Amino acid sequence: MKKMSIWLEEKDNSPINILDRDLNVDILIIGAGITGMSLAYQLKDEKLNICVVDANLVGQGLTARTTGKLTYLQGITYSKLLKDKGLDSSKLYLESQIEAIKEVEKIITKEKISCDLEKTSSYLYSGTPNKIKELKKEKEILEKFGIKVNELTGKDFYSIYVSDTAVFHPLKYVYALKKICCKKKINIYEKTKITDIKLIKNLYKCQANNNIIYAKKVIIACHYPFFLLPMFLPIKTNNEQSYIMAYKTKVNEHKSFISVDKQTKSYRFHDNYKIVLSNSHMIANHLNRKENYLELINDIGKFYPDYIWSNDDLLTIDNLPYIGKIKNNLFIATGYNTWGMTNATIASKILKDLILDKPNKYEELFAISRTISFKDLKNSVVDMYDNAKGFIENKLFPNKTWYKNITFTRKNNLPLATIHDENGEHTIINRCPHMKCSLIYNQFENVWECPCHASKFDIDGNCLKGPSKKNISYKE
Ligand SMILES: Cc1cc2nc3c(=O)[nH]c(=O)nc-3n(C[C@H](O)[C@H](O)[C@H](O)COP(=O)(O)OP(=O)(O)OC[C@H]3O[C@@H](n4cnc5c(N)ncnc54)[C@H](O)[C@@H]3O)c2cc1C
């Protein structure tokens with residue numbers, strides 16, 4: 001069993017280019033996941049000096065850990081949007097997702113990208129009467145919007161499905177976008193972390209490792225932005241984590257599925273593997289991550305996973321992503337509610353228009369400044385309470401009974417945690433530099449995780465994933 005995403009078997013053999021000097025650019029894109037690379041691709045033919053930077057390697061963030069579905073059937077989405085935002089917004093969101101799928105297909109065809117794109121039907125299913133009722137409502141709404149929706153009834157389940165959706169290999173796709181952008185003289189710097197952005201006169205001064213990038217326009221495409229104000233993201237979003245595995249199967253059904261029951265299950269096929277997702281939870285809950293993995297393995301019974309991994313994404317309180325202008329010449333795209341393959345693609349088209357001062361029909365729908373309803377806020381408070389419970393529990397009782405070989409101490413007023421293993425002692429500061437949350441140790445992946453905003457650190461405290469900008473290593 002490999003503790004890694006199946007997509008990471010695909011290697012990017014191009015050399016790693018690390019920033020080693022100051023730069024002056026028109027456009028700086030921070031983050032080279034599907035969001036950053038899709039935007040770079042959209043802008044590649046403009047007469048602009050563009051630079052993309054990534055703290056890690058191209059595509060190795062969330063994008064390397066998805067299930068890689070390209071679908072507009074995303075759970076009970078359109079009924080919710082219709083109820084909360086009205087008919088026009090619900091329909092417009094549907095249009096955006098369909099446009100995104102077509103855009104990915106268009107790019108793949110035009111650029112002759114080999115990324116295992118396969119047209120598959122998407123199914124939503126349930127076995128519980130109230131959820132079946134919701135599925136029937138969802139079908140009705142989609143049909144009202146002109147979509148042909150089929151249904152399938154089994155002995156103990158009901159499902160609805162559409163046929164014009166797809167699956168692909170997300171990393172092969174992103175690597176191909178990188179290659180195309182490099183040919184178009186877009187500079188892509190990996191292992192180059194942005195740690196500060198300041199607006200000075202009309203230029204953004206961005207600290208990138210030990211260098212400065214001066215940019216006229218900056219796009220935050222790094223999933224969870226490392227600066228918070230003025231977007232109030234911690235109030236408007238929540239991180240959800242899920243567990244995924246891939247195991248060999250003789251039957252490739254050429255379909256993808258999601259249950260809409262309380263505990264989401266999702267699966268698709270890739271080559272001779274079945275990819276299964278389950279056990280989703282808010283990141284501040286279910287803190288014994290090893291147990292969550294073991295539950296997933298138990299779930300598939302007689303099969304044994306060849307690959308197993310987890311992923312987390314930002315859920316917004318009104319189920320729509322945040323794509324657009326923050327202020328001045330600062331833009332963002334995030335909060336994809338676990339539908340980043342389509343939303344990153346549509347984000348790239350929207351942001352291209354906004355950067356070029358052109359209108360875009362989705363601008364208002366996804367605007368950062370959109371009003372939040374009282375109901376959304378109420379739900380957010382409930383989620384925050386839920387998260388706070390996990391946070392406080394973790395703060396008060398960091399020394400979990402399931403931890404083996406970890407000691408928790410205080411020195412110089414710092415909370416420390418030391419792991420003892422065959423290589424000796426590994427001491428870290430048990431406090432996330434981002435918002436000072438206590439960390440949990442994921443004993444399955446051997447990483448420290450922040451249960452507030454999903455930063456990750458290795459056993460020696462090196463930051464593997466933001467929003468934290470700093471390491472938590474401790475030296476006497
Ligand atoms: C379990 C799960 C399954 C999913 N399955 C699907 C699916 O089937 N279909 C679908 O449409 N979506 C799916 N998603 C959602 C999708 O994975 C994400 O929404 C999408 O990958 C986000 O892409 P991104 O480019 O915004 O972020 P990322 O891929 O995380 O890219 C952000 C990049 O920014 C870099 N970065 C961070 N901070 C800095 C910094 N300070 N300086 C420089 N670089 C920085 C990171 O290194 C990273 O490479 C799933 C999500 C989850 C949790």
Side-chain angles (χ1 to χ4, degrees), residues 5 7 19 28-40 52-74 97 100-101 104 122 165-168 170-171 173-174 177 188-197 206-209 213 218-227 239-245 256 258 264 266-268 270 275-281 283 296 309-315 321-323 332-348 434 454-456 463-470:
S5 152
W7 314 123
L19 186 71
L28 167 64
I29 299 173
I30 306 173
I34 189 164
T35 304
M37 290 317 304
S38 301
L39 178 59
V52 185
V53 296
D54 198 290
N56 191 2
L57 300 172
V58 169
Q60 312 252 321
L62 267 72
T63 301
R65 293 175 178 77
T66 84
T67 44
K69 295 177 185 170
L70 288 159
T71 181
Y72 57 87
L73 215 54
Q74 304 174 347
Q97 302 306 291
I101 297 170
V104 173
S122 293
T165 55
V167 291
F168 71 157
L171 216 43
Y173 177 70
V174 169
L177 296 185
I188 299 173
Y189 297 100
E190 296 169 282
K191 301 274 177 202
T192 302
K193 193 187 250 183
I194 301 291
T195 49
D196 193 32
I197 302 176
C206 308
Q207 186 71 42
N209 293 352
I213 303 177
V218 174
I219 297 87
I220 313 283
C222 60
H223 180 235
Y224 201 105
F226 47 88
F227 64 95
N239 275 76
E240 186 186 76
Q241 178 144 327
S242 306
Y243 302 82
I244 309 163
M245 66 184 167
S256 62
I258 306 176
T264 305
S266 148
Y267 59 100
R268 63 161 282 193
H270 169 67
I275 298 175
V276 182
L277 173 154
S278 178
N279 271 12
S280 307
H281 59 80
I283 54 161
L296 174 68
W309 69 97
S310 67
N311 200 12
D312 62 271
D313 204 2
L314 270 190
L315 310 187
Y322 288 113
I323 303 168
I332 193 167
T334 191
Y336 296 150
N337 298 293
T338 76
W339 295 106
M341 303 297 105
T342 43
N343 278 309
T345 307
I346 207 66
S348 68
H434 175 227
S455 293
K456 286 194 180 164
C463 183
L464 302 171
K465 175 177 177 284
S468 170
K469 296 182 286 185
K470 296 184 185 152

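Since the structure is predicted, the reported quantities are computational estimates derived from the model, not experimental observations. Note that ligands are numbered from 1 as they come in the structure, with each ligand's atoms numbered from 1 the same way.
- Against a heavy-atom cut-off of under 4.0 Å, Lys69 is close to the following atoms of ligand 1: 7 (C), 8 (O), 9 (N), 10 (C), 11 (O).
- Between the side chain of Asn209 and the backbone N or O of Lys191, at least one donor-acceptor pair lies under 3.5 Å.
- Tyr336 contributes atom OH, which lies 11.0 Å from atom CD1 of Ile346 (distance to the nearest 0.5 angstrom).
- At the top of the distance list for atom 21 (O) of ligand 1, counting protein heavy atoms only, stands Thr63 OG1, 3.1 Å.
- The backbone N or O of Ile34 sits less than 3.5 Å from a side-chain atom of Ser38, completing a donor-acceptor pair.
- Listed by number with element, the atoms of ligand 1 under 4.0 Å from a non-hydrogen atom of Met341 are 9 (N), 10 (C), 11 (O), 12 (N), 16 (C), 21 (O).
- The ligand atoms of ligand 1 that sit less than 4.0 angstrom from a heavy atom of Asp312 are 53 (C).
- At a 3.5 angstrom cut-off on N or O pairs, Glu240 does not count as close to ligand 1.
- Residue contacts with ligand 1, taken as heavy atom pairs separated by less than 4.0 Å, involve Ile30 solely via side-chain atoms from C-beta onward.
- Protein heavy atom nearest atom 19 (O) of ligand 1, with residue, atom name and distance: Asp313 OD2, 2.9 Å.
- Between Arg65 and ligand 1, a contact under 3.5 Å exists for no N or O pair.
- Given atom 3 (C) of ligand 1, the protein heavy atom at minimum distance is Leu277 CD1, 3.7 Å.
- From the protein, the heavy atom lying nearest to atom 36 (N) of ligand 1 is Cys222 CB, 3.5 Å.
- Atom 31 (O) of ligand 1 has Gly33 CA, 3.4 Å as its closest protein atom, hydrogens excluded (heavy atom only).
- The nearest protein atom to atom 41 (N) of ligand 1, hydrogens excluded, is given as Ile194 O, 2.9 Å; this is a heavy-atom distance.
- Short contacts between ligand 1 and Gly68, defined as distances under 4.0 Å to a heavy atom of the residue, involve ligand atoms 7 (C), 8 (O).
- Distance from atom 44 (N) of ligand 1 to its nearest protein heavy atom, with residue and atom name: Ala55 N, 2.9 Å.
- In terms of protein heavy-atom proximity, atom 47 (O) of ligand 1 is closest to Asp54 OD1, 2.6 Å.
- Within the structure, the closest approach of Ala221 to ligand 1 falls below 4.0 Å when heavy atoms are considered.
- Under the 3.5 Å distance criterion, the side-chain polar atoms of Thr192 are left unmatched by any main-chain donor or acceptor of Val53.
- In this structure, CD1 on Ile101 lies 5.5 Å from OG1 on Thr71, to the nearest 0.5 angstrom.
- Note that OG1 of Thr342 and CD of Gln74 are 5.0 Å apart. Values are rounded to the nearest 0.5 Å.
- Within the model, atoms CG of Leu171 and OG1 of Thr66 stand 9.5 Å from one another, a figure rounded to the nearest 0.5 Å.
- For Gly466, the heavy-atom gap to ligand 1 stays at 4.0 angstrom or more.
- Of the polar atoms of Ala333, none of the N or O atoms is found under 3.5 Å from an N or O of ligand 1, judged by distance alone.
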Applying side chain to side chain donor-acceptor pair (under 3.5 Å), run through Thr165 and Ser122 and close with a yes or a no.
CA-CA 6 Å; Thr165 55; Ser122 293; 2.7 Å; yes
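- Aromatic ring pairs are classed by plane angle as parallel below 30°, tilted from 30° to 60° and perpendicular above 60°; the pair His270 and Trp7 is perpendicular.
- Atoms of ligand 1 lying under 4.0 Å from any heavy atom of Thr35, numbered from 1 in the order shown and given with element: 23 (O), 24 (P), 25 (O), 26 (O).
- Within the 4.0 Å heavy-atom criterion, the part of Ile244 lying near ligand 1 is the side chain and not the backbone.
- Of all atoms in ligand 1, numbered sequentially from 1 with element shown, those under 4.0 Å from a heavy atom of Gly61 are 29 (O), 30 (O), 49 (O).
- Remark: ligand 1 atoms within the under-4.0 Å shell around heavy atoms of Thr342 are 11 (O).
- For the pair Arg65 (side chain) and Asp312 (backbone), a donor-acceptor distance under 3.5 Å is absent.
- Here the CD1 atom belonging to Ile197 is positioned 4.0 Å from the CD1 atom belonging to Ile220, to the nearest 0.5 angstrom.
- In the model, Gln97 has a side-chain atom that pairs as donor or acceptor with a side-chain atom of Asn343 under 3.5 Å.
- At a heavy-atom distance under 4.0 Å, atoms from both the backbone and the side chain of Trp339 approach ligand 1.
- Which parts of ligand 1 touch Asn56 is read off a 4.0 Å heavy-atom cut-off, strictly below it: atoms 47 (O).
- Asn239 and Tyr224 get closest at one heavy-atom pair: OD1-CE1, 3.9 Å.
- Side-chain atoms of Ser455 and Ser468 form no donor-acceptor pair, as typed in the model, at a separation below 3.5 Å.
- Considering backbone and side-chain atoms alike, Ile34 places an N or O below 3.5 Å from some N or O of ligand 1.
- We find the CG-CG distance between Leu177 and Leu39 to be 11.0 Å, quoted to the nearest 0.5 Å.
- Of all the heavy atoms of Val58, none lies under 4.0 Å from any atom of ligand 1, so neither backbone nor side chain is involved.
- Using a 4.0 Å cutoff on heavy atoms, Thr192 counts as a contact of ligand 1.
- Looking at Lys469, its side chain does come within 3.5 Å of a backbone N or O of Thr195 through a donor-acceptor pair.
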